[in-house]
2 protein chains.
Amino acid sequence: MNFDSNIPIYIQIADYIKNLIFRGVIESGERIPSVRELAKELGANPNTVQKAYSLLLKEGFLKTKRGIGYFVTDDEEFLQRKRKEALLNFVREVKERLKKSGFTLEEFKREL
Amino acid sequence: MNFDSNIPIYIQIADYIKNLIFRGVIESGERIPSVRELAKELGANPNTVQKAYSLLLKEGFLKTKRGIGYFVTDDEEFLQRKRKEALLNFVREVKERLKKSGFTLEEFKREL
DNA sequence: ATTACTGTATTATATACCTATGACAGTAGA
DNA sequence: TCTACTGTCATAGGTATATAATACAGTAAT
(Lines give C-alpha, C1' and ligand atoms only; values in the text may rest on other atoms or scores of the structure.)
Protein backbone atom coordinates (compact mmCIF):
# COMPACT_ATOMS: atom_id res chain seq x y z
CA MET A 1 0.00 0.00 0.00
CA ASN A 2 1.08 3.46 -0.94
CA PHE A 3 0.28 6.64 0.97
CA ASP A 4 2.00 9.24 -1.22
CA SER A 5 -1.26 10.77 -2.33
CA ASN A 6 -3.27 13.86 -1.58
CA ILE A 7 -6.11 11.72 -0.33
CA PRO A 8 -6.22 11.35 3.47
CA ILE A 9 -4.77 8.04 4.61
CA TYR A 10 -7.88 7.07 6.57
CA ILE A 11 -9.91 7.41 3.36
CA GLN A 12 -7.43 5.30 1.45
CA ILE A 13 -7.59 2.62 4.13
CA ALA A 14 -11.39 2.68 4.11
CA ASP A 15 -11.39 2.29 0.32
CA TYR A 16 -8.87 -0.51 0.62
CA ILE A 17 -11.10 -2.46 3.01
CA LYS A 18 -14.18 -1.72 0.94
CA ASN A 19 -12.44 -3.08 -2.13
CA LEU A 20 -11.40 -6.25 -0.31
CA ILE A 21 -15.05 -6.76 0.57
CA PHE A 22 -16.24 -6.09 -2.99
CA ARG A 23 -13.63 -8.49 -4.33
CA GLY A 24 -14.73 -11.16 -1.89
CA VAL A 25 -11.30 -11.35 -0.28
CA ILE A 26 -13.06 -10.66 3.00
CA GLU A 27 -16.43 -12.33 3.16
CA SER A 28 -19.70 -11.23 4.66
CA GLY A 29 -19.66 -11.64 8.45
CA GLU A 30 -15.94 -12.28 8.53
CA ARG A 31 -13.63 -10.64 11.06
CA ILE A 32 -11.12 -8.11 9.79
CA PRO A 33 -7.72 -7.29 11.32
CA SER A 34 -7.72 -5.33 14.59
CA VAL A 35 -6.85 -1.65 14.41
CA ARG A 36 -3.43 -2.35 15.88
CA GLU A 37 -2.75 -5.28 13.56
CA LEU A 38 -3.63 -3.42 10.40
CA ALA A 39 -1.79 -0.32 11.56
CA LYS A 40 1.36 -2.37 12.04
CA GLU A 41 0.90 -4.11 8.71
CA LEU A 42 0.38 -0.88 6.78
CA GLY A 43 2.94 1.15 8.71
CA ALA A 44 0.24 3.57 9.81
CA ASN A 45 -0.98 4.79 13.16
CA PRO A 46 -3.68 2.84 15.02
CA ASN A 47 -5.71 6.02 15.38
CA THR A 48 -5.73 6.45 11.61
CA VAL A 49 -6.96 2.90 11.07
CA GLN A 50 -9.54 3.47 13.78
CA LYS A 51 -10.77 6.51 11.90
CA ALA A 52 -11.10 4.44 8.73
CA TYR A 53 -13.00 1.70 10.55
CA SER A 54 -15.31 4.25 12.19
CA LEU A 55 -16.14 5.58 8.75
CA LEU A 56 -16.97 2.12 7.42
CA LEU A 57 -18.99 1.48 10.55
CA LYS A 58 -21.03 4.61 9.93
CA GLU A 59 -21.52 3.64 6.30
CA GLY A 60 -22.81 0.21 7.32
CA PHE A 61 -20.01 -1.95 5.95
CA LEU A 62 -18.72 -3.01 9.36
CA LYS A 63 -20.05 -4.11 12.73
CA THR A 64 -18.09 -3.85 15.94
CA LYS A 65 -17.89 -5.95 19.09
CA ARG A 66 -15.99 -4.29 21.89
CA GLY A 67 -13.15 -6.42 23.12
CA ILE A 68 -13.49 -8.80 20.18
CA GLY A 69 -13.05 -7.02 16.90
CA TYR A 70 -14.56 -5.57 13.74
CA PHE A 71 -16.63 -7.68 11.37
CA VAL A 72 -17.96 -7.21 7.87
CA THR A 73 -21.73 -6.81 7.95
CA ASP A 74 -23.66 -10.01 7.33
CA ASP A 75 -26.22 -8.14 5.25
CA GLU A 76 -25.27 -9.55 1.88
CA GLU A 77 -28.05 -7.73 0.10
CA PHE A 78 -26.59 -4.46 1.39
CA LEU A 79 -23.15 -5.36 0.08
CA GLN A 80 -24.49 -6.31 -3.33
CA ARG A 81 -26.35 -3.02 -3.54
CA LYS A 82 -23.28 -1.05 -2.49
CA ARG A 83 -21.15 -2.86 -5.02
CA LYS A 84 -23.54 -1.93 -7.78
CA GLU A 85 -23.70 1.64 -6.54
CA ALA A 86 -19.93 1.85 -6.48
CA LEU A 87 -19.74 0.75 -10.10
CA LEU A 88 -22.39 3.22 -11.25
CA ASN A 89 -20.79 6.05 -9.28
CA PHE A 90 -17.45 5.23 -10.81
CA VAL A 91 -18.92 5.25 -14.32
CA ARG A 92 -20.53 8.60 -13.64
CA GLU A 93 -17.27 9.98 -12.31
CA VAL A 94 -15.34 8.75 -15.34
CA LYS A 95 -17.82 10.35 -17.74
CA GLU A 96 -17.68 13.60 -15.78
CA ARG A 97 -13.90 13.72 -15.88
CA LEU A 98 -13.86 12.95 -19.58
CA LYS A 99 -16.24 15.79 -20.23
CA LYS A 100 -14.31 18.23 -18.06
CA SER A 101 -11.06 17.35 -19.79
CA GLY A 102 -12.55 17.54 -23.24
CA PHE A 103 -12.00 13.91 -24.15
CA THR A 104 -14.68 12.15 -26.16
CA LEU A 105 -16.06 8.81 -25.06
CA GLU A 106 -14.80 7.28 -28.31
CA GLU A 107 -11.32 8.62 -27.73
CA PHE A 108 -11.40 7.07 -24.27
CA LYS A 109 -12.74 3.71 -25.40
CA ARG A 110 -10.08 3.52 -28.09
CA GLU A 111 -7.37 3.43 -25.41
CA LEU A 112 -9.29 1.19 -23.05
CA MET B 1 -16.71 25.07 -8.97
CA ASN B 2 -17.00 22.94 -5.91
CA PHE B 3 -14.38 22.68 -3.18
CA ASP B 4 -16.03 20.16 -0.85
CA SER B 5 -13.53 17.48 -1.68
CA ASN B 6 -10.58 15.86 0.01
CA ILE B 7 -8.34 17.10 -2.77
CA PRO B 8 -6.49 20.34 -1.90
CA ILE B 9 -8.09 23.38 -3.50
CA TYR B 10 -4.91 24.49 -5.23
CA ILE B 11 -4.74 21.10 -6.96
CA GLN B 12 -8.38 21.38 -8.01
CA ILE B 13 -7.74 24.83 -9.44
CA ALA B 14 -4.65 23.62 -11.30
CA ASP B 15 -6.67 20.75 -12.79
CA TYR B 16 -9.45 23.15 -13.69
CA ILE B 17 -7.06 25.38 -15.65
CA LYS B 18 -5.37 22.39 -17.24
CA ASN B 19 -8.74 21.13 -18.40
CA LEU B 20 -9.66 24.50 -19.87
CA ILE B 21 -6.44 24.33 -21.85
CA PHE B 22 -7.05 20.76 -23.01
CA ARG B 23 -10.56 21.68 -24.07
CA GLY B 24 -9.28 24.65 -26.00
CA VAL B 25 -11.31 27.11 -23.95
CA ILE B 26 -8.02 28.86 -23.25
CA GLU B 27 -5.73 28.76 -26.26
CA SER B 28 -2.00 28.42 -26.55
CA GLY B 29 -0.27 31.72 -25.71
CA GLU B 30 -3.43 33.24 -24.32
CA ARG B 31 -3.53 35.18 -21.07
CA ILE B 32 -5.39 33.68 -18.15
CA PRO B 33 -7.12 35.57 -15.31
CA SER B 34 -4.90 37.24 -12.72
CA VAL B 35 -4.54 35.54 -9.37
CA ARG B 36 -6.80 38.14 -7.77
CA GLU B 37 -9.42 37.91 -10.50
CA LEU B 38 -9.69 34.15 -10.40
CA ALA B 39 -9.65 34.11 -6.61
CA LYS B 40 -12.60 36.48 -6.55
CA GLU B 41 -14.43 34.52 -9.22
CA LEU B 42 -13.95 31.20 -7.45
CA GLY B 43 -14.41 32.52 -3.93
CA ALA B 44 -10.95 31.36 -2.99
CA ASN B 45 -7.92 33.08 -1.56
CA PRO B 46 -5.42 34.74 -3.94
CA ASN B 47 -2.60 32.81 -2.27
CA THR B 48 -4.31 29.54 -3.11
CA VAL B 49 -4.70 30.53 -6.76
CA GLN B 50 -1.09 31.65 -6.76
CA LYS B 51 -0.06 28.22 -5.51
CA ALA B 52 -2.05 26.58 -8.31
CA TYR B 53 -0.45 28.83 -10.93
CA SER B 54 3.02 28.18 -9.54
CA LEU B 55 2.40 24.48 -9.92
CA LEU B 56 1.32 24.85 -13.53
CA LEU B 57 4.33 27.09 -14.13
CA LYS B 58 6.64 24.40 -12.80
CA GLU B 59 4.92 21.79 -14.95
CA GLY B 60 5.39 23.93 -18.05
CA PHE B 61 1.78 24.77 -18.82
CA LEU B 62 2.11 28.46 -17.98
CA LYS B 63 4.54 31.29 -18.50
CA THR B 64 4.66 34.39 -16.34
CA LYS B 65 5.42 38.06 -16.97
CA ARG B 66 5.82 40.05 -13.81
CA GLY B 67 3.44 42.98 -13.72
CA ILE B 68 1.50 41.70 -16.73
CA GLY B 69 0.06 38.28 -16.05
CA TYR B 70 0.14 34.55 -16.60
CA PHE B 71 -0.02 33.04 -20.08
CA VAL B 72 -0.55 29.56 -21.44
CA THR B 73 2.66 28.27 -22.97
CA ASP B 74 2.93 28.78 -26.73
CA ASP B 75 4.52 25.36 -27.12
CA GLU B 76 1.61 23.62 -28.82
CA GLU B 77 3.55 20.41 -29.29
CA PHE B 78 4.03 20.27 -25.52
CA LEU B 79 0.31 20.74 -24.93
CA GLN B 80 -0.60 18.05 -27.42
CA ARG B 81 1.81 15.65 -25.76
CA LYS B 82 0.45 16.47 -22.31
CA ARG B 83 -3.10 16.00 -23.47
CA LYS B 84 -2.27 12.55 -24.80
CA GLU B 85 -0.42 11.72 -21.60
CA ALA B 86 -3.38 12.82 -19.53
CA LEU B 87 -5.70 10.51 -21.46
CA LEU B 88 -3.38 7.53 -21.14
CA ASN B 89 -2.81 8.19 -17.44
CA PHE B 90 -6.53 8.39 -16.91
CA VAL B 91 -7.09 5.11 -18.73
CA ARG B 92 -4.41 3.46 -16.62
CA GLU B 93 -5.97 4.88 -13.46
CA VAL B 94 -9.42 3.62 -14.44
CA LYS B 95 -8.12 0.12 -15.15
CA GLU B 96 -6.26 0.11 -11.86
CA ARG B 97 -9.31 1.13 -9.89
CA LEU B 98 -11.46 -1.47 -11.63
CA LYS B 99 -8.96 -4.15 -10.75
CA LYS B 100 -8.67 -3.03 -7.13
CA SER B 101 -12.44 -3.00 -6.76
CA GLY B 102 -12.90 -6.34 -8.42
CA PHE B 103 -14.92 -5.08 -11.38
CA THR B 104 -14.28 -6.63 -14.76
CA LEU B 105 -13.65 -4.46 -17.81
CA GLU B 106 -16.74 -5.94 -19.44
CA GLU B 107 -18.88 -5.09 -16.43
CA PHE B 108 -17.58 -1.53 -16.63
CA LYS B 109 -18.09 -1.16 -20.37
CA ARG B 110 -21.64 -2.44 -20.05
CA GLU B 111 -22.53 0.60 -17.92
CA LEU B 112 -20.47 3.07 -19.93
C1' DA C 1 4.27 61.19 -11.88
C1' DT C 2 -0.02 59.14 -10.69
C1' DT C 3 -3.11 55.39 -10.88
C1' DA C 4 -4.40 50.87 -11.33
C1' DC C 5 -3.46 47.01 -12.56
C1' DT C 6 -0.04 42.87 -12.55
C1' DG C 7 3.20 38.97 -9.99
C1' DT C 8 5.51 37.83 -5.69
C1' DA C 9 6.39 37.36 -0.88
C1' DT C 10 5.72 37.40 4.27
C1' DT C 11 3.29 36.93 8.52
C1' DA C 12 -0.27 35.26 11.44
C1' DT C 13 -4.22 32.29 12.38
C1' DA C 14 -7.21 28.34 11.95
C1' DT C 15 -8.11 23.77 10.71
C1' DA C 16 -7.56 18.92 9.13
C1' DC C 17 -4.70 15.20 9.17
C1' DC C 18 -1.23 12.08 11.08
C1' DT C 19 1.62 10.30 14.58
C1' DA C 20 3.07 9.01 19.27
C1' DT C 21 1.72 7.70 23.59
C1' DG C 22 -0.96 6.36 27.10
C1' DA C 23 -5.14 5.04 29.44
C1' DC C 24 -9.59 2.61 30.22
C1' DA C 25 -13.03 -1.00 29.33
C1' DG C 26 -14.61 -5.44 27.46
C1' DT C 27 -13.50 -10.46 26.11
C1' DA C 28 -11.33 -14.93 26.05
C1' DG C 29 -8.20 -18.41 27.40
C1' DA C 30 -4.57 -20.38 30.48
C1' DT D 1 -7.37 -14.40 38.66
C1' DC D 2 -3.92 -13.22 35.41
C1' DT D 3 -2.58 -12.33 30.77
C1' DA D 4 -3.16 -10.82 26.34
C1' DC D 5 -5.73 -9.62 23.27
C1' DT D 6 -9.80 -6.48 21.64
C1' DG D 7 -12.34 -1.47 20.90
C1' DT D 8 -12.38 3.28 22.42
C1' DC D 9 -10.83 7.65 23.92
C1' DA D 10 -7.73 11.62 25.17
C1' DT D 11 -3.62 14.40 24.90
C1' DA D 12 0.20 16.50 22.68
C1' DG D 13 3.12 17.69 18.69
C1' DG D 14 4.12 18.16 13.84
C1' DT D 15 2.84 19.13 8.99
C1' DA D 16 0.03 20.63 5.09
C1' DT D 17 -3.58 23.42 3.64
C1' DA D 18 -6.32 27.61 3.42
C1' DT D 19 -7.45 32.25 4.66
C1' DA D 20 -6.57 37.12 5.79
C1' DA D 21 -3.92 41.02 5.59
C1' DT D 22 -0.12 43.46 4.07
C1' DA D 23 3.77 44.81 1.51
C1' DC D 24 6.95 45.31 -2.47
C1' DA D 25 8.10 45.41 -7.37
C1' DG D 26 7.11 45.55 -12.37
C1' DT D 27 3.96 47.34 -16.31
C1' DA D 28 0.91 50.31 -18.78
C1' DA D 29 -2.21 54.00 -19.55
C1' DT D 30 -3.66 58.60 -18.28
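Side-chain atoms are counted along with the backbone in the values below, which use heavy atoms only and exclude waters and symmetry mates.
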Note: K18(A)-E59(A) ion pair, threshold 4.0 Å (strictly below): yes
Terminal contacting nucleotides, 5' and 3', DNA chain C versus chain B (heavy atom, 4.0 Å): dT6(C) to dT10(C)
Row check, F71(A) ring normal vs K63(A) NZ/CZ: under 6.0 Å, within 45°: no
Do the charged groups of K82(A) and E85(A) touch, with an N to O distance under 4.0 Å? yes
Could you tell me the separation between the CG atom of L62(A) and the P atom of dG7(D), rounded to a whole number of Å? 11 Å
Tell me whether the centres of the aromatic rings in F78(A) and F61(A) are closer together than 6.0 Å. yes
Expected output: side-chain S101(B) to main-chain R97(B) donor-acceptor under 3.5 Å: yes
Is it true that S28(B) and D74(B) share a donor-acceptor pair across their side chains at a distance under 3.5 Å? no
Under 3.5 Å: donor-acceptor pair, side chain of E93(B), backbone of F90(B): no
Scan nucleotides 17-30 of chain D nucleotide by nucleotide, 5' to 3', and note B when protein non-hydrogen atoms come under 4.0 Å of the base, S if they reach only the sugar-phosphate, - if neither. SSBBB-B-SBSS--
Should the pair K65(B) and Y70(B) be classed as cation-pi, given the thresholds of under 6.0 Å to the six-membered ring centre and 45° from the axis? no
Rounding to a whole Å, what distance do you find between Y70(A):OH and dT6(D):C1'? 10 Å
